[in-house]
Amino acid sequence: MKPAVQQYLGLMRRSGNLTTGQELVLNLIRSKKARLVLLAEDIGESSRKRIIDKCHFYEIPVVVAGSKAEISAAIGQSRSVVATTNKGFAEGFLKRLNE
């Protein structure tokens, strides 16, 4: 994962616009509040399928990028799935990811 992407994840966390943890993220997806979901590349297969299927059903963008260690280092918590409810941060994250 690029340093700019990791820094942006940290910014999202510090600003309070990042939800972490599988159950909390799934709740955001079900309530259609999530604007973007980020999964670690090394997340378990059953968790990956569950989250991706929910995102597709509720039409929430999902990105699989970086390892659990990279995501955890960026946000200061041990997590393999995160989501944001802020449209601006979601767009900014995708922009940095695609640079």
- Cluster overlap V63 with I29, hydrophobic side-chain contacts below 4.5 Å: no
Might you point out which heavy atoms bring [X] and [Y] nearest each other, and give the distance in Å?
X	Y	value
I60	A34	CD1-O, 3.2 Å
A65	L38	O-CD1, 3.8 Å
A40	V64	O-CG1, 4.1 Å
V5	R96	CG2-O, 3.7 Å

Give a yes or no answer on whether the side chain of [X] reaches the backbone of [Y] with a donor-acceptor pair at less than 3.5 Å.
X	Y	value
S47	I43	no
D42	S67	no
R48	G44	no

- Please step through side-chain contact (heavy atoms from CB on, under 4.5 Å) for the pair Q22 and R50, ending with a clear verdict. CA-CA 10 Å; Q22 203 171 65; R50 182 177 177 201; 4.1 Å; yes
- Item | Reference residue V81; test side chain to side chain contact (heavy atoms under 4.5 Å, CB included); the match among T20, L24, V37, L26 | V37
- Does the pair R30 and N27 meet the rule for a side-chain contact (heavy atoms from CB on, under 4.5 Å), with working shown? CA-CA 5 Å; R30 286 185 196 110; N27 289 338; 3.2 Å; yes
- Start with the C-alpha gap between K54 and I51, add the side-chain angles, then the distance that decides, and say whether side-chain contact (heavy atoms from CB on, under 4.5 Å) holds. CA-CA 5 Å; K54 288 281 186 212; I51 293 168; 5.8 Å; no
- Report yes if the side chains of R13 and V82 come closer than 4.5 Å at any heavy-atom pair, otherwise no. no
- Item | Heavy-atom check, side chain of I75 versus side chain of L18, under 4.5 Å | yes
- Message: What I want to check is whether the side chains of N86 and T84 have a donor and an acceptor closer together than 3.5 Å.
- Response: no
- Please round to the nearest 0.5 Å and tell me the distance separating atom NZ of K33 and atom OH of Y58. 13.5 Å
- In Å and rounded to the nearest 0.5 Å, what is the CG to CZ distance from L9 to F89? 10.5 Å
- Item | Electrostatic pair R35-E59, nearest N-O below 4.0 angstrom | no
- Could you give me the CA-CA distance, side-chain angles and deciding distance for I71 and L39, then say whether side-chain contact (heavy atoms from CB on, under 4.5 Å) is met? CA-CA 9 Å; I71 293 172; L39 287 174; over 6 Å; no
